[in-house]
2 protein chains.
Amino acid sequence: MTTLDLAFTALADPTRRRIVARLTRGEARVTDLAQPFAMSLNAVSKHLKLLERAGLVQRRRVGREHFLRLRPAPLRAVQQWASRYERFWNQRLDALGKFLSSPPEKGVDQ
Amino acid sequence: MTTLDLAFTALADPTRRRIVARLTRGEARVTDLAQPFAMSLNAVSKHLKLLERAGLVQRRRVGREHFLRLRPAPLRAVQQWASRYERFWNQRLDALGKFLSSPPEKGVDQ
DNA sequence: CATATATTCAACTTATAGGTTGAATATATG
DNA sequence: CATATATTCAACCTATAAGTTGAATATATG
């Protein structure tokens, strides 16, 4: 799986997006991250594994505690991938002709 | 499932991202979209259903042919969601203090 | 040392993604 | 009308996500 596959997969779940949002306030432990959710600690632990696999969080062990912090690179990759399509949501209907006559895309994605 | 859930889920698969890329060149039929892939037409038909469910493509039936075209709104939603984290990939290490002293996020995601 | 805390591991369930093959449906065309 | 084409539907398989519960592991603490 590519970086984008893993990042999109990880971000497809609202719990994981909330965890990402939470980590903008700084490092947190597994228990801290689990606290707002009505699910088991184990479930959150699994979510963290998917975020880790995608490179969205990094883990730092201190004794028995695991501190997670945000790693923004995959978020940037996602944002940049989506930005390619910016002209499609910016274009007016009267700009359609210009779009249709533009040269075809090459090597998009992968 | 929310718009973002559906969009991230749809974009997590490389086949579907290639289909999205292909549709920047304009409308295409199911058979046209399937042509580059080493999988059955049925498999591509299923991928299109997920893209449709996410609002990423729209279908227009003309006789027996189904023409698909790109609907960029969910891509914009994804780009805007990821853009919230822009300061995290822009920030230098020496700006860490500023980040830590900034007010906490409110109502992020959903 | 005994116990509490933080976290993961293992096993299990259910739902869904991603693919297949074969049949059905709808529309063109000779 | 008979046949070819475009697409979906249905049934099936396998892998994995998303959750659970219970046990194991590692580290603190009285």
Side-chain angles (χ1 to χ4, degrees), chain A residues 1-20 22-23 26-69 74 78 109-110, chain B residues 1-20 22-23 26-69 74 78 109-110:
Chain A
M1 286 227 259
T2 70
T3 299
L4 281 177
D5 292 349
L6 295 167
F8 278 117
T9 298
L11 297 172
D13 185 274
T15 298
R16 290 192 291 265
R17 290 200 305 280
R18 281 183 61 191
I19 290 173
V20 166
R22 163 67 201 268
L23 289 175
E27 275 191 343
R29 298 171 310 148
V30 178
T31 309
D32 301 330
L33 293 172
Q35 183 271 320
F37 298 104
M39 67 180 70
S40 71
L41 189 69
N42 270 357
V44 173
S45 175
K46 280 191 181 183
H47 282 305
L48 292 174
K49 256 193 262 304
L50 288 225
L51 288 168
E52 215 177 354
R53 181 182 74 169
L56 281 159
V57 306
Q58 191 172 32
R59 191 182 297 258
R60 179 174 65 95
R61 276 190 66 166
V62 176
R64 64 188 165 181
E65 298 167 305
H66 297 207
F67 290 89
L68 285 310
R69 78 159 182 272
V78 161
D109 197 33
Q110 273 9 302
Chain B
M1 285 226 261
T2 71
T3 299
L4 280 177
D5 292 348
L6 294 168
F8 278 118
T9 298
L11 296 172
D13 184 275
T15 297
R16 290 192 292 264
R17 291 200 305 279
R18 281 183 61 193
I19 290 173
V20 166
R22 162 67 201 269
L23 289 175
E27 276 192 342
R29 298 171 309 148
V30 178
T31 309
D32 300 330
L33 293 171
Q35 182 271 320
F37 299 105
M39 68 179 68
S40 71
L41 189 68
N42 270 357
V44 172
S45 175
K46 280 191 182 184
H47 281 305
L48 292 174
K49 257 192 263 301
L50 289 226
L51 288 169
E52 215 177 353
R53 181 181 72 170
L56 281 158
V57 306
Q58 190 172 31
R59 193 181 296 257
R60 177 174 67 94
R61 275 189 68 169
V62 176
R64 63 189 166 184
E65 297 168 306
H66 297 207
F67 289 89
L68 286 308
R69 78 158 183 273
V78 162
D109 198 33
Q110 276 7 307

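Throughout, a chain's letter reflects where its sequence line sits, starting with A, and its residues are numbered from 1.
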Could you check which residues of [range] get a heavy atom under 4.0 Å from DNA chain D? Sort them by number, please.
{"range": "residues 30-42 of chain B", "result": "B:Val30, B:Thr31, B:Leu41, B:Asn42"}
{"range": "residues 45-52 of chain A", "result": "A:Lys46, A:His47, A:Leu50"}
{"range": "residues 60-68 of chain A", "result": "A:Arg61, A:Gly63, A:Arg64"}

Starting at [atom1] of [X], measure out to [atom2] of [Y] and round the result to the nearest 0.5 Å.
{"X": "A:Leu11", "Y": "B:Asp5", "atom1": "CG", "atom2": "CG", "answer": "11.0 Å"}
{"X": "A:Ile19", "Y": "A:Leu51", "atom1": "CD1", "atom2": "CG", "answer": "6.0 Å"}
{"X": "B:Leu56", "Y": "B:Leu23", "atom1": "CG", "atom2": "CG", "answer": "10.0 Å"}
{"X": "A:Glu52", "Y": "A:Gln58", "atom1": "CD", "atom2": "CD", "answer": "8.5 Å"}

(message) Does anything in residues 28-43 of chain A form a salt bridge (charged side-chain N to carboxylate O under 4.0 Å, His left out)? List the pairs, not counting sequence neighbours.
(response) A:Arg29-A:Asp32, A:Arg29-A:Glu65
(request) Considering non-hydrogen atoms only, spot the tightest contact between A:Val44 and A:Leu33 and give its length. (result) CG1-C, 4.4 Å
(message) For A:Thr31 versus A:Leu41, what's the shortest heavy-atom pair and its separation?
(response) CA-CD1, 4.0 Å
Once side-chain contact (heavy atoms from CB on, under 4.5 Å) is applied, do any residues pair with [X], and if so which ones, sequence neighbours excluded?
{"X": "A:Leu50", "result": "A:Arg16, A:Arg53"}
{"X": "A:Thr3", "result": "none"}
{"X": "B:Arg60", "result": "B:Glu27, B:Val62, B:Phe67"}

(message) For B:Arg64, give me all partners under side chain to side chain donor-acceptor pair (under 3.5 Å), at least two apart in sequence or on another chain.
(response) none
With a 4.5 Å limit on heavy-atom distance, are the side chains of [X] and [Y] in contact?
{"X": "B:Thr9", "Y": "B:Leu6", "value": "no"}
{"X": "A:Thr15", "Y": "A:Met39", "value": "yes"}
{"X": "B:Arg17", "Y": "A:Phe8", "value": "yes"}

(message) Using a 3.5 Å limit for the pairing distances, which stems of at least 3 consecutive Watson-Crick or G-U wobble pairs does DNA chain D take part in?
(response) C:1-30 with D:1-30
(request) Kindly state each residue pair satisfying side chain to side chain donor-acceptor pair (under 3.5 Å) with at least one member in residues 37-46 of chain B, sequence neighbours excluded. (result) none
(request) Considering only heavy atoms of chain A and a distance under 4.0 Å, specify the first and last nucleotide of DNA chain C in 5' to 3' order that meet this criterion. (result) C:dA4 to C:dA11
